[in-house]
Amino acid sequence: MATISSTEHTRRDFLYIATGAMGAVGAVAALVPLIAQMNPDASTIAAGAPIEVDLTPIAEGQVIKVFWRGKPIFINHRTKKQIEEAVNVNLASLPDPQPDSARVKPKHANFQVLIGICTHLGCIPIAHQGPYNGYFCPCHGSVYDTSGRIRSGPAPTNLALPPYEFVSDTRIRIG
Amino acid sequence: MSGHSTYQPRNAFMKWMEARLPIAGLIHSSFVVYPTPRNLNYWWTFGGILTFMLALQIVTGVVLAMHYTPHVDLAFNSVEQIMRDVNYGWLLRYLHANGASMFFLAAYIHMFRGMYYGSYKEPREVLWILGVILLLLMIMTGFMGYVLPWGQMSYWAAVVITNLFSAIPIVGESITQWLWGGYAVGNPTLNRFYALHYLLPFVIAGVVVLHVWALHVAGQNNPDGIEPRQDSDTVAFTPYATMKDAFFLSVFLIMFAWFVFYTPNFLGHPDNYIPANPAVTPTHIVPEWYYLPFYAILRAVPNKLGGVVLLGASIVILAFLPWLDRSKVRSARYRPRYRFFFWLFFITCVGLGWLGSKPAEGVYVYAARVLTVYYFAHFLVVLPLLGRYETTLPVPGSITEAVLKRSKAAAAFVIAAIFAGLIGLSSPTVAAEAETPAKLKWSFGGPFGKFDRGQLQRGFRVYREVCQVCHGLTLLSFRNLSEPGGPGFTPAQVAAIAAEYQVRGEPDDQGEVKDRPGRPADRFPAPFQNDNQARARYNAVPPDLSVIVKARGFDRGFPLFLLDLVTGYQEQGADYMVALLTGYADPPKGTAAPPGTFYNKYFPGHFLAMPAPLGEGRITTDGKPVYDDGTPATVDQMARDVTAFLAWAAEPHLEARKRIGLQVIIFLIIFAGLLYFTKKKVWKSVEAH
Ligand code: FES
């Protein structure tokens, strides 16, 4: 191969770098649709719109399940006794301290709305079970109280709350 | 794979690795220092292009499989869901569908190149036979993939192709039932085709490895058909061949991108946007363009078994090519007689392809017979005789000598030839006897087209006030009306529109299902519970309009359809719709419309069950025949508006497609330019010696 003068060297280097950079840009851009296609599609997102639930048919002491965005939402119509138990807890003794009042809407402490998914690894806890008569997860034995707070077992945090609001005294909109 | 094993691991880890799994050394010897003849022209880049296309088909295919549902009731709609809702789904599907065509195009060029330069001759017979096996696997894979969208063409392709096996004496019927998993093509057939369509590409990839292995044992052939003898006859694979391949691949991709972004349905058939209907065969069924020559051979024979046998033979005979052509000289460059017959054979193949797209009647059948006879004669008569009697030209002593004597063929010629290779495509759907619709101007036509929001809104009004009573729009959701690239309603307007419809609700506590007002996420409800209800009321099933604009079209004929490819004319369906909506007339003297039908100039067969839907006064605002925006609601205007609306409904991402297409094509042109100059730089040192 003939020797290459230094000016040509820089021009050649520039060309190589530009071509390589262009190729890299193209390869990265090509990845965008391949990755984006796995995100929820437009119909799934649209179907995740808020839902409304009528609370009148839920008797005191009853827990119902509704589905929102594919997740089970527990709506617990709590009894006086359950509310009292939930309120009168020594917060310092909880793994994830949170007062009951922060887990319900003001003036609606009788309705406890939770995402019914165990914060350990995603199983569905069973209502009215366990030592606190709250929720008990059968998978690895996490125990939640009537406020949905973790009391014992491997789950790290309290049961999560969905975004929701009361549209009237007997109707909520989840989402 | 051979080559000098000169790889020297540089660091300790690579040394350790090389002693245990010498994969870096294998790659180095096969794809870096591997000597490739220096005189390879651009026809030799198609091996690399094919590898790229295979990888692309596998990647897009795996991704599409994540969204596709192989069930007779759901397949068609799941494909439409990919087109409408999946992020970039339209892009992935158009890449995959057009990718199949590009794959075949590249394979055919690759094969003709092998034939022209005698690449199948000793010692490359096994290499060639592996290639024929790859072609067979591609044909099977492509066919099964075509069945998956479960449109009319899919279904009837499955019926016709599986019925080829019924030609086998005695066991034919059992074999077809075994293939179908039933008494007809049905859900089991679709499921197994899906499974095999997923499997076969990996088998292809495996055979490709063997093909490359065999190539690296024998070494590449070259345009002069002589083996490299000295060091100056070859160059290292990297960077010389790699840069050349990369450059030409990027040129190939520009053409591919044109198809994907601007004429994505050019190579398909409108009928395949009609859901499979086992009760009705489309009037003119044709396979995809890459099967047309074989299809012509099948139809040329007036005997069922004979046709099937010749169809099979036309592919199998390729495997015997190394022994049918006895000439010692490889390249057609030094075989003037062979060169003539090669081009004659090429024209025969293209001609067969063209005939395969024509109806099997009259002069077409005779022409197909003549060409079929010649197709086989080329292999069985011409080649053996040439091998014996041809006087060949003197072959140069070495590749270096050949190169220094000759300037190279221009790349432009190659590109022109690729386009020429596309001859033989055609998508006839509407019988020739009907009048040809006029070519109208659409705001959404051409590479920069965009929908006219006002027109879409007007068209939606026509749909609601006129078409909706009989025709569903069930693939469309209300929310689509406010999505980008559509009619541009606000979300609040969409919620109000949706609420005007009653859709089927969810079971309540008592298990009863009642209708409820629609929500933006709902789809447009169908006007009928089922086809029988429609038939009872209207004596016909009014088709769903969701993809109707893509499901209709008309044959533009040669050479117009080639021009359409270049100009990106994709609006045949829209033109046909307007023509149909405005094409009602009194039947010509002497013919009477059968009861319950109406005469239309543009409808194939002329008599259709739908009475003229549009008339003056169908759309009024405050008692005047105008739209809300003041546009006069003439019949012609209404026809255009509703067609534009339905064109959007059929392809909601059209604007995004054209916008991204422009970006991609500009990128590819710049990239191809850079690669060209890089390649030139790299090759500069070689060219002089
Ligand atoms: S998932 Fe509930 S305890 Fe593990």
Side-chain angles (χ1 to χ4, degrees), chain A residues 1-5 7-59 62 64-70 75 173-175, chain B residues 56 59-60 62-64 66-67 81-82 84-93 95 239 243 246-247 250 253 475 477-480 482-483 491 494-495 506 508-509 519-523 652-653 660 663-664 667-668 670-682 684-686 688-689:
Chain A
M1 221 186 277
T3 41
I4 298 156
S5 70
T7 49
E8 195 169 346
H9 216 286
T10 44
R11 218 183 328 138
R12 196 180 70 169
D13 285 350
F14 173 74
L15 182 63
Y16 290 173
I17 290 166
T19 311
M22 221 32 193
V25 167
V28 170
L31 284 179
V32 171
L34 294 175
I35 292 167
Q37 54 86 21
M38 284 183 47
N39 271 324
D41 73 14
S43 66
T44 310
I45 291 169
I51 56 163
E52 288 199 3
V53 183
D54 181 11
L55 303 178
T56 38
I58 313 173
Q62 192 191 1
I64 68 155
K65 274 186 213 172
V66 294
F67 272 86
W68 174 69
R69 294 198 170 168
I75 305 176
R173 185 195 292 122
I174 303 173
Chain B
L56 184 77
V59 169
T60 52
V62 166
V63 160
L64 288 169
M66 296 181 190
H67 303 282
Q81 166 134 11
I82 292 172
R84 287 155 195 276
D85 290 339
V86 173
N87 303 309
Y88 295 102
W90 57 268
L91 173 60
L92 297 163
R93 173 168 176 255
L95 278 173
M243 286 322 296
F247 163 63
S250 64
L253 289 183
L475 294 174
S477 304
F478 297 113
R479 65 184 157 84
N480 296 141
S482 66
E483 282 166 4
V494 168
E506 298 71 28
D508 63 13
D509 294 346
R519 301 184 192 127
D522 291 321
R523 296 193 168 192
H653 296 297
I660 295 176
Q663 295 164 351
V664 169
F667 169 86
L668 284 173
I670 297 174
F671 189 43
L674 283 173
L675 280 169
Y676 177 73
F677 289 112
T678 306
K679 183 229 131 201
K680 250 182 105 143
K681 272 254 145 83
V682 166
K684 214 169 141 196
S685 58
V686 176
H689 305 274

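Only this structure's heavy atoms are used, side chains among them; waters, hydrogens and symmetry mates stay out. Letters go in sequence order (proteins before strands), and every chain restarts at 1.
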Relative to chain A, which segment of Leu675(B) carries a heavy atom at a distance below 4.5 Å: side chain, backbone, both, or neither?
both
Counting only non-hydrogen atoms closer than 4.5 Å, can you tell me which residues of residues 18-25 of chain A sit against chain B?
Ala18(A), Thr19(A), Met22(A), Gly23(A), Val25(A)
Quick one: are Ile660(B) and Tyr88(B) in side-chain contact, heavy atoms under 4.5 Å?
yes
Got a donor-acceptor contact below 3.5 angstrom from the Asn87(B) side chain to the Ala36(A) backbone?
yes
Please report the shortest heavy-atom distance between Ala47(A) and Ala521(B), naming the atom on each side.
N-CB, 4.1 Å
Are any of the side-chain heavy atoms of Val66(A) and Ile75(A) separated by less than 4.5 Å?
yes
At a heavy-atom separation under 4.5 Å, does Val664(B) approach chain A through its side chain, its backbone, both, or neither?
neither
Within the 4.5 Å heavy-atom criterion, are Asp85(B) and Ile45(A) side-chain neighbours or not?
no
Relative to chain B, which of Ala46(A), Ala30(A), Ser43(A) shows the most heavy atom pairs under 4.5 Å?
Ser43(A)
Counting only N and O atoms by type, is there a donor-acceptor contact under 3.5 Å from the side chain of Arg479(B) to the main-chain atoms of Pro520(B)?
no
Tyr676(B) atom OH, neighbour heavy-atom count above 12 within 6.0 Å
no
pair His67(B)-Gln81(B): side-chain heavy atoms closer than 4.5 Å:
no
Quick check on Thr678(B) against chain A: is it the side chain, the backbone, both or neither that has a heavy atom closer than 4.5 Å?
both
